[in-house]
Amino acid sequence: MSYTALYRKFRPDTFADVKGQDHIVTTLKNQIRANRIGHAYLFTGTRGTGKTSVAKIFARTVNCEKPTGEGPCGECAICRAIAAGASMNVIEIDAASNNGVDNIREIVEEVSYSPAEGRYKVYIIDEVHMLSIGAFNALLKTLEEPPSYVIFILATTEVHKLPITILSRCQRYDFKRITIDTIADRMRQLTEVEQVRVEEKALRYIAKVADGSMRDALSLLDQCIAFHLGNELTYDKVLDVLGAVDTEVFSRLLRYVLERDVPGCIQLLEDIVMQGRELTQFVTDFTWYLRNLMLVQSSDNLEDVIDMSSDNLARLKEEAAMADMNSIVRYIRIFSELSGQIRYASQKRILVEIALIKLCKPGMEISQEALLERIRDVEDKVEKGVAVLPGGYAPGQTAGAPPMSGGSKPRPQRPQAIPDDVKEAVSRWPVIVGNTENPMRVHLKDAVPSLGADGHLMLVLKDGVASDYFTQHPQNKEQLENLIADQIGKEIEVNIQVAGNQQEMEETYYDLRQINMEIEEEE
């Protein structure tokens, strides 16, 4: 006998088996009990929430010879015929493949014939939003005034695509996403019946990934059981099958982001890729992790909303104290945009890398959240101490003079003494830059030669690609030092300083090219 998938094997047969839709089940049972059955119903909601299952149970119940309080008896001839798909009283139509005017006209013609057995002819039209405009128009009159023995049940995941003329003729029932607890409980019952040993943590993760869909949850559970057939299904095994990432990895990634550690983020992503994890699922799960972080920071009483262990929750609270709300919102926005782009992208890894760099470098963005984060960075630097220029003076302060005040733009203090080798290097700076090759020449274009506190040549670069070219690749700085040495005939050390933007470069660091230096030639 061929294997039957779990979601088919355990499809609800009675209203009591329907999970997570009590508001709909109760209403339909009351209508049947009071004999107040409508002529047209619209079932709408996300996939896998029970729309078609409830429609079938309803169709069997209204035709059952001995209905119970929870639906059809399942034993009478009509119930058995409907269950076997041999009854002419229940007609299922897939509107995705039968969406033309002719298909609907056939239904309109059949409606005139009363049922051969049972009380009602029930037409279940699945994915009804796929019908053409002409088909909707052909259905309108019959849908509004069908014979007393006809019931229409329309099911759709995209109710916004239905004409208002159809909506106004139906009783609408919205199927909610099923909660993680409800899905996990249902899967626990099924695994006991199937005699499969499953870790509770594994069930809850599958329930979370299913995103409110019972059918998706059972399909994922089926997949995981098949992969590890005969063994206990653990949380780690579920992660392996689904290509998912453990929560601890998200914690490490977040801490790298908060520390602005781009190499750490990229290396962690490399490890994830090498483990064969699915990047689309990784983006979704990290966005969910950031959402939980936002909720923890918003209130101390949201533990029930956040589905995770006490250990993970404690770690999340610790991280919530390390980040501010605006930064978290910016992270969520970046990864939410990424989740919409990555699903059909051919270069998924590159998109994730760009997003991680954006998280670490708010200067790459012009959004309000990024601007606020850059301002906070400056405030943090000020709290830790203002950078001091050579000679011991703050930016814009002259020797023996009090700090500047008022609205004048601060100017960096001109150094008192400049070593000869630095003077000569700066005097030949245009030649040095001209002798370099791209991409170094491009990165040096806006660089400011200044003087470090130790008397070495200090090269000020804006934060971004230019600074990373030298700070993250020491061989490039060494190559520049060799080029300078070839020009001036002396070994020279270059210190790289990173500035946030052009204004910081102008106000904090003195450009030695402004000094009219006269190099004395030895006779």
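Values in this document were obtained by computation on a predicted structure and should not be read as measured data.
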Is it true that a side-chain atom of [X] and a backbone atom of [Y] form a donor plus acceptor pair closer than 3.5 Å?
X: E92; Y: I124; result: no
X: S336; Y: I332; result: yes
X: H443; Y: N438; result: no
X: R80; Y: G74; result: no
X: Q21; Y: T49; result: yes

Using the side chain to side chain contact (heavy atoms under 4.5 Å, CB included) rule, take I24 and T27 through it: C-alpha gap first, then chi angles, then the decisive distance, then the call. CA-CA 5 Å; I24 294 174; T27 304; 5.9 Å; no

Roughly how far apart are [X] [atom1] and [Y] [atom2], rounded to 0.5 Å?
X: D211; Y: I178; atom1: CG; atom2: CD1; answer: 11.0 Å
X: R315; Y: K317; atom1: CZ; atom2: NZ; answer: 14.0 Å
X: F58; Y: S53; atom1: CZ; atom2: OG; answer: 15.0 Å

Test Y41 against F152 for ring-ring contact (aromatic ring centres under 6.0 Å, His included), laying out the working first. CA-CA 6 Å; Y41 295 85; F152 283 98; over 10 Å; no

For L42 and Q171, run side chain to side chain contact (heavy atoms under 4.5 Å, CB included): C-alpha distance rounded to whole Å, both residues' side-chain angles, the deciding distance at 0.1 Å, then the answer. CA-CA 6 Å; L42 174 62; Q171 292 185 28; over 6 Å; no

Just checking, any donor-acceptor pair under 3.5 angstrom between side chains of [X] and [Y]?
X: T182; Y: T179; answer: yes
X: D222; Y: S219; answer: no
X: R47; Y: S213; answer: no
X: S251; Y: E319; answer: yes
X: N326; Y: Y331; answer: no
X: Q189; Y: D185; answer: no

Contacts of type side chain to side chain donor-acceptor pair (under 3.5 Å), residue D22, not counting sequence neighbours: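 With sequence neighbours excluded, D22 shows a side chain to side chain donor-acceptor pair (under 3.5 Å) to no residue whatsoever.
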
For T280, side chain to side chain donor-acceptor pair (under 3.5 Å) partners two or more places apart: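 Applying side chain to side chain donor-acceptor pair (under 3.5 Å) to T280 gives E278, K348.
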
Does R252 form a salt bridge (charged side-chain N to carboxylate O under 4.0 Å, His left out) with D261? I'd like the steps, not just the answer. CA-CA 11 Å; R252 286 167 49 203; D261 186 354; over 6 Å; no

Are [X] and [Y] side-chain neighbours, meaning at least one heavy-atom pair lies under 4.5 Å?
X: L154; Y: L143; result: yes
X: K237; Y: N231; result: yes
X: L316; Y: N292; result: yes

Using the side chain to side chain contact (heavy atoms under 4.5 Å, CB included) rule, take F10 and V193 through it: C-alpha gap first, then chi angles, then the decisive distance, then the call. CA-CA 10 Å; F10 293 98; V193 173; 4.0 Å; yes

Six-ring centre of Y235, K201 cation under 6.0 angstrom, axis tolerance 45°: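 The answer is yes, since K201 meets both limits relative to Y235.
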
In terms of side-chain geometry, is the basic nitrogen of K19 or D17 positioned less than 4.0 Å from the acidic oxygen of its partner?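 Judged by the 4.0 Å cut-off on N to carboxylate O distance, K19 and D17 do not form a salt bridge.
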
Donor-acceptor pairs are to be reported for all side-chain atoms of residues 267-276 against protein atoms at under 3.5 Å, with residues two or more places apart or in another chain.
from	atom 1	to	atom 2	distance (Å)
Q267	NE2	D271	OD1	3.2
E270	OE1	R349	NH1	3.2
E270	OE1	R349	NH2	2.2

